[in-house]
Amino acid sequence: MKSRVVLLLSIVLALGLAGCACMEKQPEPVKPAPKPAPKPAPAPVVEKPKPAACDGCCRVYPCECCPVLRLQKVMPDQVAVNAAFDYEINVTNMTDKPLHAVVVKDNLADHFQFKSSNPAAAVEGKTLVWRVDTLEPKASKKLVVSGAATKAEDIWQCADATYILPACCATKVVQPSLALSKSAPERVTICDEIPIKLVVENKGTGAANNVKISDPLPDGLVTKDGKTVIDINAGNLPAGQAKQFSVVTVAKKTGTFENKAMAVADGGLKAESGVTRTVVTKPVLAITKTGTENQYLGRKMTYNITVTNKGDSPAVDTIVEDTIPAGVTEVALSAGGSVVGSKAVWKLGTLDVNASKQMTISYSSNQAGEFANTATAQAVCADAVSASAKTVVKGIAAILLEVIDVDDPIELGQNETYEITVTNQGSAPDTNIRVKCVLEDEFVQYVSSSGVTTGTLEGNTITFSPLPTLAPKAKATWKVVVKGIKAGDVRFMVIMNSDQLGRDVQETEATNFYE
């Protein structure tokens, strides 16, 4: 079996200024007799300094007896002249860190004829050069050289290696990224609170510091404490985390409110939310009340009440109330109404936008006068509205005129008495009642007159002073006394008028005078 010569070179690195080369014990290579290898002089003893303080990442070169790179060269024990042979160079990273810019050189003897290498080496004169960019921790690289000796003389070839053992530090590079979302209800009434939810999130890889949210509210929208801008200090926000904030706002008017919020943080970070759109509505009630303007005693007064929602939101829990005047009777309500104390009440429920509902109420009175009352409508979030109506209730003056002769027939020369009675059969007083009597003076002669007012004779006419008023169901009486002076069928005429009548009422009584 052919023996092989192995040369192992370990390059070592330790913390300290002094270093040593540590050679693994291997069989001594065969050296040519003319050139015996000199023994190396013993290394001087150098006191190791204390390691210097190091912030961050550092390395101190050289290192004492700590293996870094092992370079091993294996050649045949002997070869024939001009006979091709191979030898190996193995380079191994002994550390747990990558080695960079590793360069292996093999210096060829003058009588060695180089033929090839695997991997291919760069040939620089009589030197083969292999360059390895990075040799990973504990990794090895095998280099194979092929050639032949050109004369019978021992080959003495040396390989060497260089490397870079870097001091490496890692700095984590992060990029925080803000995202902001905002939500608000799409539709509310002006009486509702408007909750706004803001969520700020860090979707990046590092902390976002000093995060602040600003949300300028549109005109007509304020926070519950009257502020027009929502300002929130969200503090620091680690990567992947989110913070949620809730703010309650209220609307000062109806309309559509649109706006968006913004978040900022140190380092120029910023994010905008989407635009929220909230429509603020309000039910607006309108009420009308119409009815009988004039009515007579005892007859019904009827009123129509109409409620309409003219707003842009349903009127919830709509209630209509109408006062009932004192002293009326026969109160009647339309469907759904009820009498509660001195009020008529209709609970209409929800009145949709542009919807209307109508109610009626009626009653009668036996007392004359002016009846004025008011109906009101109210609903949740709607302003109360009212409407009034009045009715003048009056009576009717209905006067009955009666004339009778006390004695009929009557003998000539005797006195006849005529009784005149005026009765107010109506429900209202009659005023300025005027009565006059006309005599047929060829048959009768005036004797006297009496009654509730004084009579005066002028020609053949007796005129009584006006009666100022005659109450309902009351009577007034007058008397006229005449004497018969000529036989015949005699007529006694009474003419009556008043402010309420407007036209004369005539009543004639026939009397038979005989001899």
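The first residue in the sequence is number 1, and the count goes up from there. Computation of the quantities below employed the complete heavy-atom set of this structure, encompassing side-chain atoms and omitting hydrogens, waters and symmetry-equivalent molecules.
With a 4.5 Å cut-off on side-chain heavy atoms, V200 and L178 count as touching. At a threshold of 4.5 Å between non-hydrogen side-chain atoms, the residues T223 and I230 count as touching. Looking only at side-chain heavy atoms (C-beta outward), K357 and T306 stay at 4.5 Å or farther from each other. Between N202 and Q241 the shortest side-chain heavy-atom distance does not fall below 4.5 Å. By the 4.5 Å heavy-atom criterion applied to side chains, N354 and T308 are not counted as neighbours. Looking at V393 and N366, their side chains never come closer than 4.5 Å, going by heavy atoms from C-beta outward. In this structure, L221 and I194 have side chains that are in contact, with non-hydrogen atoms separated by less than 4.5 Å. Considering only heavy atoms from C-beta on, P429 comes within 4.5 Å of P472 through its side chain.
Shown here for A375 and K289, the closest heavy-atom pair between the two residues is CB-CD, 4.1 Å. Residues R277 and T256 approach most closely at NE-CG2, 3.6 Å, considering heavy atoms. Smallest separation of non-hydrogen atoms from T189 and V280: C-CG1, 4.1 Å. A265 and A208 make their closest contact through CB-CB, 4.4 Å (heavy atoms, listed as atom of the first residue, atom of the second, distance). Contact detail for V316 and T350: the closest heavy-atom pair is CA-OG1, 4.0 Å. Residue P185 comes nearest to T278 through the heavy atom pair O-OG1, 2.7 Å, listed as atom of the first residue, atom of the second, then distance.
Annotation: the span from E507 atom CD to I495 atom CD1 amounts to 12.0 Å, rounded to 0.5 Å. Rounding to the nearest 0.5 angstrom, the gap separating the CG atom in L198 from the OG atom in S183 is 7.5 Å. Expressed to the nearest 0.5 Å, how far CZ of R299 lies from OG1 of T391 amounts to 14.0 Å. Once rounded to the nearest 0.5 Å, the distance linking CG of N236 with CG of N209 reads 4.0 Å. Atom NZ of K486 is separated from atom CD of E515 by 10.5 Å, given to the nearest 0.5 angstrom. Between the CG atom in D192 and the SG atom in C381 there is a gap of 6.5 Å [rounded to 0.5 Å].
For the pair N373 (side chain) and T323 (backbone), a donor-acceptor distance under 3.5 Å is present. In terms of modelled atom types and a separation under 3.5 Å, the side chain of N309 and the main chain of A355 share no donor-acceptor contact. In terms of modelled atom types and a separation under 3.5 Å, the side chain of K483 and the main chain of Y446 share no donor-acceptor contact. Although no hydrogens or angles enter the test, the distance criterion places a donor-acceptor pair under 3.5 Å between the side chain of S427 and the main chain of I396. When atom types are taken as modelled, the side chain of S498 and the backbone of N432 share no donor-acceptor pair closer than 3.5 angstrom. The closest donor-acceptor contact from the side chain of T461 to the backbone of V438 lies at 3.5 Å or more, if one exists at all. When atom types are taken as modelled, the side chain of N424 and the backbone of L470 share a donor-acceptor pair closer than 3.5 angstrom. Checked by atom type and distance alone, the side chain of N460 never pairs as donor or acceptor with a backbone atom of D441 at under 3.5 Å.
Pairs engaging residues 411-495 under the disulfide bond (SG atoms under 2.5 Å apart) rule: none recorded [sequence neighbours left out]. For residues 263-274, the set of pairs meeting the salt bridge (Lys or Arg N to Asp or Glu O under 4.0 Å) definition, not counting sequence neighbours, comprises K260-E272.
Between E201 and K243 there is no salt bridge, since no side-chain N of the basic residue sits under 4.0 Å from a carboxylate O of the acidic one. Between E321 and K343 there is a salt bridge, with a side-chain nitrogen of the basic residue lying less than 4.0 Å from a carboxylate oxygen of the acidic one. Between D489 and R491 a salt bridge is recorded (basic side-chain N to carboxylate O distance below 4.0 Å). At a threshold of 4.0 Å, the pair D383-K282 counts as salt-bridged, since one of the basic side-chain nitrogens sits closer than that to a carboxylate oxygen.
The number of heavy atoms from other shown groups lying within 6.0 Å of CD (Q367) does not exceed 12. Atom CD of Q425 sits in a crowded spot, with more than 12 heavy atoms from other residues, nucleotides or ligands closer than 6.0 Å. Within a 6.0 Å radius of OH in Y296, no more than 12 heavy atoms belonging to other residues, nucleotides or ligands are found.
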| task | Test K252 against D219 for salt bridge (Lys or Arg N to Asp or Glu O under 4.0 Å), laying out the working first. | result | CA-CA 9 Å; K252 296 297 185 181; D219 180 45; over 6 Å; no

| field | Residues M493, Q506; criterion side-chain contact (heavy atoms from CB on, under 4.5 Å); working and verdict | value | CA-CA 7 Å; M493 178 184 292; Q506 294 182 5; 4.3 Å; yes

| task | Applying side-chain contact (heavy atoms from CB on, under 4.5 Å), run through M359 and V307 and close with a yes or a no. | result | CA-CA 9 Å; M359 296 129 280; V307 176; 4.0 Å; yes

| field | D405 and T417: CA distance, side-chain angles, deciding distance, side-chain contact (heavy atoms from CB on, under 4.5 Å) verdict | value | CA-CA 6 Å; D405 49 3; T417 301; over 6 Å; no

| query | side-chain contact (heavy atoms from CB on, under 4.5 Å) between Y303 and T360: does it pass, once the steps are laid out? | reply | CA-CA 6 Å; Y303 301 95; T360 60; over 6 Å; no

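A donor and an acceptor atom, one from each side chain of K141 and N93, are nowhere located under 3.5 Å apart. Y418 and T511 share a donor-acceptor pair across their side chains, judged by distance under 3.5 Å alone. Under the 3.5 Å distance criterion, with hydrogens and angles disregarded, a donor-acceptor pair is assigned to the side chains of S364 and T329. Side chains of N259 and K182: a donor on one and an acceptor on the other come within 3.5 Å. A side-chain N or O of D499 and one of T431 form a donor-acceptor pair less than 3.5 Å apart. If you check the side chains of S140 and T92, you find a donor sitting under 3.5 Å from an acceptor. Side-chain contact annotation: S465 with T453, donor-acceptor N/O pair under 3.5 Å absent. Using modelled atom types, one finds no donor on one side chain facing an acceptor on the other under 3.5 Å when comparing W346 with S338.
Ring pair W478/F464 is tilted by interplanar angle, where 30° to 60° counts as tilted.
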